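This structure is a prediction, so every number in the text was calculated from the model and none was measured. We count ligands from 1, going down the list as the structure has it; atoms in each ligand are counted the same way.
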Amino acid sequence: MLNIVLFGAPGTGKGTQSELIIKKYGLHHISTGDILRKEIERKSPLGLQAEKHISAGQLVPDELIIDMLADVLNKNTDAKGYIFDGFPRTIPQAKALDKLLGEREIAITAVLSLKVEEKALIQRLLKRGQESGRADDKLEVIENRMKVYREQTDPLRDFYKKNGKLVNIPGDGTVEEVFEEIVVEIDRLPF
Ligand code: AMP
């Protein structure tokens with residue numbers, strides 16, 4: 001079973017690349033950001049709680065995210081494999097993911113880490129904000145999200161490097177170039 005974590009700072013193209021990976025490999029897409037945005041739209045209790053954190057550029061608390069993820073896994077037990085997009089973002093989330101997958105006798109196959117220089121990321125996100133109107137794609141919030149990424153999420157690269165799962169992918173080419181690189185790496189994996 002192929003289970004991929006797509007890892008990278010905000011704006012590295014995780015969502016775009018996930019769509020392409022799903023099409024080619026038939027995986028089930030789990031984007032915690034997309035799920036949270038839907039909850040906000042529905043004005044559910046989870047959405048209302050999450051919105052406060054998202055609009056400030058902060059992470060939604062681990063307990064909420066981990067429960068939400070367990071629920072998604074329970075509802076999609078027949079998936080051929082999963083792609084985790086925007087999750088995990090903290091060490092406790094990474095440990096919880098190992099545990100949740102372990103209980104199902106599956107594991108992460110690889111963590112694909114997309115790297116793009118921060119300056120370029122900020123430009124990409126500002127552009128996305130203008131085009132899509134996504135509320136957290138404005139400068140003050142973007143700067144906070146980058147800080148949160150550096151402090152809480154980037155250390156995960158070391159966590160996955162130590163367990164041999166980390167695969168680095170340069171993320172500054174075109175969508176097609178980055179995807180080609182991803183395909184080369186996925187096709188090399190033992191699954
Ligand atoms: P994304 O669409 O992945 O950029 O996520 C948008 C926002 O949702 C983030 O800035 C966080 O506030 C929140 N979020 C998404 N995924 C997570 C996660 N795994 N842990 C905590 N917060 C998250």
A.B. asks: Any side-chain heavy atom of Leu166 within less than 4.5 Å of one from Asp158?
C.D. replies: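 Answer no - side chains too far apart.
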A.B. asks: Out of Leu6, Ile30, Ile65, which residue meets the side-chain contact (heavy atoms from CB on, under 4.5 Å) rule with Phe87?
C.D. replies: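 Result for side-chain contact (heavy atoms from CB on, under 4.5 Å) with Phe87: Ile65.
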A.B. asks: For ligand 1, would you mind listing the residues that have at least one heavy atom less than 4.0 Å away, ordered by chain and number?
C.D. replies: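 For ligand 1, the contacting residues are Thr32, Gly33, Leu36, Arg37, Ile54, Gln58, Leu59, Val60, Ile65, Gly86, Phe87, Arg89, Gln93, Arg134, Asp136, Arg145.
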A.B. asks: Is the CD atom of Glu103 crowded by more than 12 outside heavy atoms at less than 6.0 Å?
C.D. replies: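 Buried by this count: over 12 neighbours within 6.0 Å.
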A.B. asks: Parallel, tilted or perpendicular for His28 and Tyr82, by the 30°/60° rule?
C.D. replies: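 Perpendicular: the ring planes of His28 and Tyr82 meet at over 60°.
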A.B. asks: With side-chain contact (heavy atoms from CB on, under 4.5 Å) as the test, pick out the partner of Ile186 among Leu27, Val167, Leu112.
C.D. replies: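 Filter result, single survivor: Leu112.
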A.B. asks: Within the supplied structure, the quantity of interest is the number of heavy atoms (other residues, nucleotides, ligands) at a distance under 6.0 Å from Glu180 CD; does it exceed 12?
C.D. replies: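 Atom CD in Glu180 is not crowded, with 12 or fewer foreign heavy atoms closer than 6.0 Å.
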